[in-house]
Number of protein chains: 2
Amino acid sequence: MKVKNSRLDAIRLILSTQEIGSQEELLSELEKEGFKLTQATLSRDLHQLRVVKTVGVQGRYRYVLTRPHQYRHAGEQGEVRAVTTPQEVTGFLSIKFSGNIAVIHTKPSYASTLAYHIDNYDFPEIIGTIAGDDTVMMIIAENVTRAAVLRVLRTIIPNI
Amino acid sequence: MKVKNSRLDAIRLILSTQEIGSQEELLSELEKEGFKLTQATLSRDLHQLRVVKTVGVQGRYRYVLTRPHQYRHAGEQGEVRAVTTPQEVTGFLSIKFSGNIAVIHTKPSYASTLAYHIDNYDFPEIIGTIAGDDTVMMIIAENVTRAAVLRVLRTIIPNI
DNA sequence: TTCATAACTGTATATTTATTCTTTGCGAAC
DNA sequence: GTTCGCAAAGAATAAATATACAGTTATGAA
């Protein structure tokens, strides 16, 4: 059970940071991380995580997480997890505000990746995100200006 | 191609109203509508529509529409095509407001379809939606009344 | 018109993914 | 310790899906 849980974490991490187009591809990434399993097990893992195979902008297939918010709750009792290396996140299209909520639109299939990175930085200005396929909703902390939100997001999305 | 376009429309209609778990299943539905095609063509259609195979709440697979972006751009040189045929969207149960957020409850598995239609109309009153299985969250633009939101939604959900 | 090109489709097949069946591992209760 | 119960995983295979190839049809330019 311990192995499986850390494997599920690894899958989430990989899918959030790389463009994976098939289970075989994901399998070899997992092997690099030291996990040993078969495609059958991986298929079951993906089913459990409710990962879906979407079609990206260039028509390429891509496995994406459908529920990035679960990731946060997955790590139990203050487990320290490596934050991903700062990197430019592509796919950003626009951001709009209404009240204490920001709505980001992305290219298709990029929303969960973007939300993952925003979550990962754990900006105090942003208390939570939720992602669909091409939309990320962010709840902004109280007494935080929109300019401040844009400023912190700029570390992830330079051209925001 | 005239045939292909109406077939794509039919696919979107079917996926919006039924739970389809495989291409073969969708194929037979299309045959009932008078379309004659093979699984190969259907696979290509689904790819073009960016339809994805998701995992539903009971663990069953289901094909669902994602976002219409590519479809929109697919129309050549200013061709006017109905975004979606105005149609009643089923599954609606209730709508509640809190601040600039509206929460719509639907019958199980209908949320993404409803959100899809709302997005499709691109109402300026609604800056974004996110759907789970039976819940849609909508962010309402500032200085827009709830009555105005209900009014525009009525084009999709008559009995709202 | 005629030619060139692009779009569309079916057939056959390759590829990919899900599942059945079986075995293994692991913890709890005895 | 042993046995029971059950989650987990592999091997093999079924099922489902994507695609290479070829043929056809539409589209557009000259």
Side-chain angles (χ1 to χ4, degrees), chain A residues 1-12 14-15 18-31 33-66 74 76 108-109, chain B residues 1-12 14-15 18-31 33-66 70-81:
Chain A
M1 196 55 184
K2 201 151 174 286
V3 175
K4 183 179 175 187
N5 278 339
S6 71
R7 189 180 64 230
L8 294 184
D9 275 345
I11 290 172
R12 283 188 273 245
I14 291 169
L15 293 184
Q18 299 182 48
E19 300 210 0
I20 301 293
S22 73
Q23 295 185 7
E24 291 297 331
E25 196 179 337
L26 179 50
L27 207 54
S28 77
E29 289 299 323
L30 285 167
E31 272 175 17
E33 304 285 333
F35 292 97
K36 182 162 158 40
L37 70 160
T38 61
Q39 177 269 328
T41 298
L42 182 53
S43 172
R44 285 183 275 245
D45 285 354
L46 294 179
H47 184 269
Q48 185 174 343
L49 290 173
R50 296 174 46 124
V51 163
V52 305
K53 191 181 183 181
T54 64
V55 182
V57 265
Q58 274 87 17
R60 289 186 50 78
Y61 291 97
R62 178 176 180 192
Y63 280 87
V64 299
L65 298 168
T66 55
E76 299 302 322
S109 88
Chain B
M1 200 64 171
K2 203 149 173 290
V3 176
K4 183 179 175 186
N5 279 339
S6 72
R7 188 180 64 230
L8 293 184
D9 275 344
I11 290 171
R12 300 183 337 137
I14 291 170
L15 294 183
Q18 298 182 50
E19 299 207 3
I20 302 293
S22 73
Q23 295 184 7
E24 291 297 331
E25 198 179 336
L26 180 50
L27 207 54
S28 76
E29 289 299 321
L30 285 167
E31 271 174 18
E33 304 285 332
F35 294 96
K36 182 163 158 38
L37 70 160
T38 61
Q39 176 267 328
T41 298
L42 181 54
S43 171
R44 287 183 273 247
D45 285 354
L46 294 179
H47 184 268
Q48 186 174 344
L49 289 173
R50 298 184 16 101
V51 164
V52 305
K53 191 182 184 180
T54 62
V55 182
V57 266
Q58 276 86 18
R60 289 188 50 78
Y61 292 98
R62 179 179 180 187
Y63 280 88
V64 300
L65 298 166
T66 54
Q70 269 198 348
Y71 186 72
R72 291 218 161 152
H73 301 316
E76 306 298 325
Q77 46 232 36
E79 173 197 356
V80 178
R81 181 162 359 100

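All chains are named by letter (A, B, ...) in the order of the sequence lines, taking the proteins before the strands, and each is independently numbered beginning at 1.
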Check your understanding: Does the side chain of B:R7 get closer than 4.0 angstrom to OP1 or OP2 of C:dT9 through an N or O atom?
Key -> yes

Review point. Does B:K53 put a side-chain nitrogen or oxygen below 4.0 Å from OP1 or OP2 of D:dT17?
Key: yes

Check your understanding: Going from CZ on A:R12 to CG on A:D9, what distance comes out if it is rounded to the nearest 0.5 angstrom?
Key -> 5.0 Å

**Study point:** Beyond-backbone contact of B:L46 with B:Y63, side-chain heavy atoms, under 4.5 angstrom
**Key:** yes

Practice item. Considering just the side-chain nitrogens and oxygens of B:Q23, establish if one lies under 4.0 Å of OP1 or OP2 belonging to D:dA15. Key: no

**Study point:** Heavy-atom check, side chain of B:L49 versus side chain of B:L15, under 4.5 Å
**Key:** no

Point to revise | Within-4.5 Å side-chain heavy-atom neighbours: A:D45 and A:K4 | key: yes

Review point. Of the residues in residues 36-46 of chain A, which ones touch DNA chain D at a heavy-atom distance under 4.0 Å?
Key: A:K36, A:L37, A:T38, A:A40, A:T41, A:R44

Review point. Got a sec, which residues hit side-chain contact (heavy atoms from CB on, under 4.5 Å) with A:R62, two or more places apart in sequence or on another chain?
Key: A:E19, A:T54, A:V64, A:S109, A:Y110, A:T113

**Study point:** B:Q48 CD - C:dA7 P separation (whole Å)
**Key:** 11 Å

Review point. Between atom CD in B:E25 and atom P in D:dA15, what is the gap in whole Å?
Key: 15 Å

Study note, to complete from the structure: Minimal heavy-atom distance between A:S22 and A:I20, with the atoms involved, is O-CG2, 3.4 Å

**Study point:** Rounded distance in Å - CD (A:E31) to C1' (D:dA9)
**Key:** 15 Å

Review point. Just how far is it from atom CD1 of A:I11 to atom CD of A:E33, taken to the nearest 0.5 Å?
Key: 11.0 Å

Practice item. Using atom CZ of B:R60 as one end and atom P of D:dA16 as the other, report the distance to the nearest whole Å. Key: 11 Å

Practice item. Take the C1' atoms of the five end pairs on each side of the helix from C:dT1-D:dA30 to C:dC30-D:dG1, derive the two axes, and give their angle rounded to 10 degrees. Key: 40°

**Study point:** Interatomic distance where CG belongs to B:L49 and P belongs to D:dA18 [whole Å]
**Key:** 13 Å

**Study point:** Side chain to side chain, A:Q39 and A:S43, heavy atoms closer than 4.5 Å
**Key:** yes

Exercise for review: Ignoring backbone atoms, test whether A:Y63 places a side-chain nitrogen or oxygen under 4.0 Å from the OP1 or OP2 oxygen of C:dT17.
Suggested key: yes

**Study point:** Rounded interatomic separation in angstrom, taking CD from B:E24 and P from C:dT17
**Key:** 18 Å

Study note, to complete from the structure: Atom CG of A:L26 and atom P of C:dT17 are separated, to the nearest Å, by 10 Å

Point to revise | Separation of C:dG25 C1' from A:K4 NZ (nearest whole Å) | key: 14 Å

Exercise for review: Might you point out which heavy atoms bring B:F35 and B:R7 nearest each other, and give the distance in Å?
Suggested key: CE2-CA, 3.5 Å

